[in-house]
Amino acid sequence: MTHYRVVRGLVAFLAAVAALPLALILADSTFGMASVLVAPVLAASLVCTATAREPHRVWWFAFACSTAVWLLVLSPALELVVNGIAVSLQRLTQRGTISLSQRVIEPTALALIFIGPPIGAVVTGFGAGWLAQRTRRSPASERRWRFSVRELLVATLALCMFLALASGRIRVDHAKENERKVAFLTRFENSFGSSRVRLLSPPDITGGHRTLIPESGYMSFMPPGINEYRVTAPILKNNKRLWAVWAYTCNGKHDDMIYQFAYAESDTEEGLPPFLAKAYVNASWQMIDGAPK
């Protein structure tokens, strides 16, 4: 029995580790960085559900369902709430109402976003498992409800519905992101009305909202609603053919208002820098030759 538990625990741990790359994909797609540690917990609970002995299988199934709810709904909601509180504290600090350092606000918010969801998933999972085992009793005896093949089929159906819901949310999010990129690219192309700079071919745009931003050499995080775009194109400037890159950080909640910007140019496309350190600019929706007005 002890060896069985050790092997089962090791398999669940390996499943949690294997789910980390998927967790990073989910964080960058729809569910935000609050889901980074919840996805491994869900993977481990699914393994435990499949390998648990019959009296305890319903407990693990309830635990997995509770974790799935955290991944799909509660983790993104908690991230939005924590970011909203952090922004409010920053504004109160700027007005002089309270005195809190950004070095206190930001690490605290990140800790709550990362640690809060997995702790919440485990706590509510224990509660859901306890409730599931004690609310389904046989009238003739005090034995707990047996998780039979029929219930296992129901669990499989619930898992399929969860995967369908998750993939549907990811598709919808990607479609919205493509719409935002097309709209921003249209604004960019329409800004070239002067004779100083001319686009020689249609520009290429990459980016959108990403939670994890590793380009600067350390792991930084982007809150919900913030989009980053990188546009590259050949240009004609001062009768000289060049390659140029424009980098923007925009507030998606305000129609992609630009508040950070960087620009670089080179004789060749390969000479363009892979990463641009953007500077804060006055908030703007309009551009002139790609630069915020």
Side-chain angles (χ1 to χ4, degrees), residues 21 24-30 32-33 36 83 87 102 106 110 170-293:
L24 297 179
I25 295 175
L26 292 177
D28 267 346
S29 59
T30 301
M33 61 182 176
V36 171
N83 276 290
V87 171
Q102 180 68 15
E106 187 171 355
L110 288 175
I170 291 175
R171 286 197 302 270
V172 170
D173 184 76
H174 285 175
K176 291 181 179 179
E177 183 172 299
N178 289 332
E179 291 178 1
R180 289 193 297 266
K181 284 199 293 188
V182 170
F184 189 87
L185 186 61
T186 301
R187 286 168 52 191
F188 174 84
E189 292 178 316
N190 291 339
S191 70
F192 287 86
S194 68
S195 58
R196 296 188 305 108
V197 181
R198 183 164 62 88
L199 293 175
L200 297 180
S201 66
D204 179 62
I205 184 171
T206 58
H209 175 71
R210 293 183 301 162
T211 296
L212 308 178
I213 312 296
E215 284 91 342
S216 56
Y218 58 90
M219 193 65 71
S220 58
F221 307 95
M222 194 67 66
I226 304 301
N227 300 317
E228 289 197 334
Y229 302 106
R230 178 185 172 95
V231 183
T232 57
I235 61 173
L236 186 65
K237 183 178 180 180
N238 298 326
N239 294 323
K240 183 178 180 181
R241 182 186 175 94
L242 299 170
W243 275 89
V245 56
W246 299 260
Y248 309 87
T249 301
C250 307
N251 190 331
K253 296 180 180 180
H254 296 281
D255 297 328
D256 273 341
M257 176 193 68
I258 303 169
Y259 67 92
Q260 284 186 349
F261 174 71
Y263 173 79
E265 56 189 32
S266 175
D267 293 334
T268 62
E269 184 178 8
E270 292 75 15
L272 295 175
F275 172 75
L276 293 175
K278 295 186 288 294
Y280 282 92
V281 297
N282 291 331
S284 175
W285 285 270
Q286 298 179 345
M287 293 177 276
I288 298 178
D289 294 335
K293 183 177 179 181

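Note: hydrogens, waters and symmetry copies are ignored here, and every other heavy atom, side chains too, is used.
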Please report the closest heavy-atom contact between [X] and [Y], naming both atoms and the distance.
X: Ser191; Y: Met287; answer: CB-O, 3.2 Å
X: Leu199; Y: Ala233; answer: CD2-CB, 3.9 Å
X: Pro203; Y: Leu185; answer: CG-CD1, 3.6 Å
X: Phe184; Y: Cys250; answer: CE1-SG, 3.7 Å

Non-neighbouring partners of Lys253 that pass salt bridge (charged side-chain N to carboxylate O under 4.0 Å, His left out), sequence neighbours left out: none

Using 30° and 60° as the class limits, which term best fits the ring planes of Phe188 and Phe192: parallel, tilted or perpendicular? perpendicular

Which donor-acceptor pairs under 3.5 Å do the side chains of residues 235-248 make with protein atoms, sequence neighbours left out?
from	atom 1	to	atom 2	distance (Å)
Lys237	NZ	Glu265	OE1	3.4
Tyr248	OH	Gly290	O	2.4

Output all residues satisfying side chain to side chain donor-acceptor pair (under 3.5 Å) with Arg196, sequence neighbours left out; order by chain, then residue number. Asp289

Between the main-chain N or O of Trp285 and the side-chain N or O of Arg187, is there a donor-acceptor pair closer than 3.5 Å? yes

Which residues satisfy the side-chain contact (heavy atoms from CB on, under 4.5 Å) test with Ser201, sequence neighbours excluded? Pro234

For Asn178, which residues count as a side-chain contact (heavy atoms from CB on, under 4.5 Å) partner, sequence neighbours excluded? Lys181

From [atom1] ([X]) to [atom2] ([Y]), nearest 0.5 Å:
X: Asn282; Y: Lys293; atom1: CG; atom2: NZ; result: 13.0 Å
X: Leu272; Y: Asp267; atom1: CG; atom2: CG; result: 10.0 Å
X: Asn251; Y: Met257; atom1: CG; atom2: CE; result: 4.5 Å

Side chains of Ile288 and Gln286 in contact at under 4.5 Å (non-hydrogen atoms): no

In short, salt bridge (Lys or Arg N to Asp or Glu O under 4.0 Å) pairs touching residues 272-288 with sequence neighbours left out are Glu228-Lys278

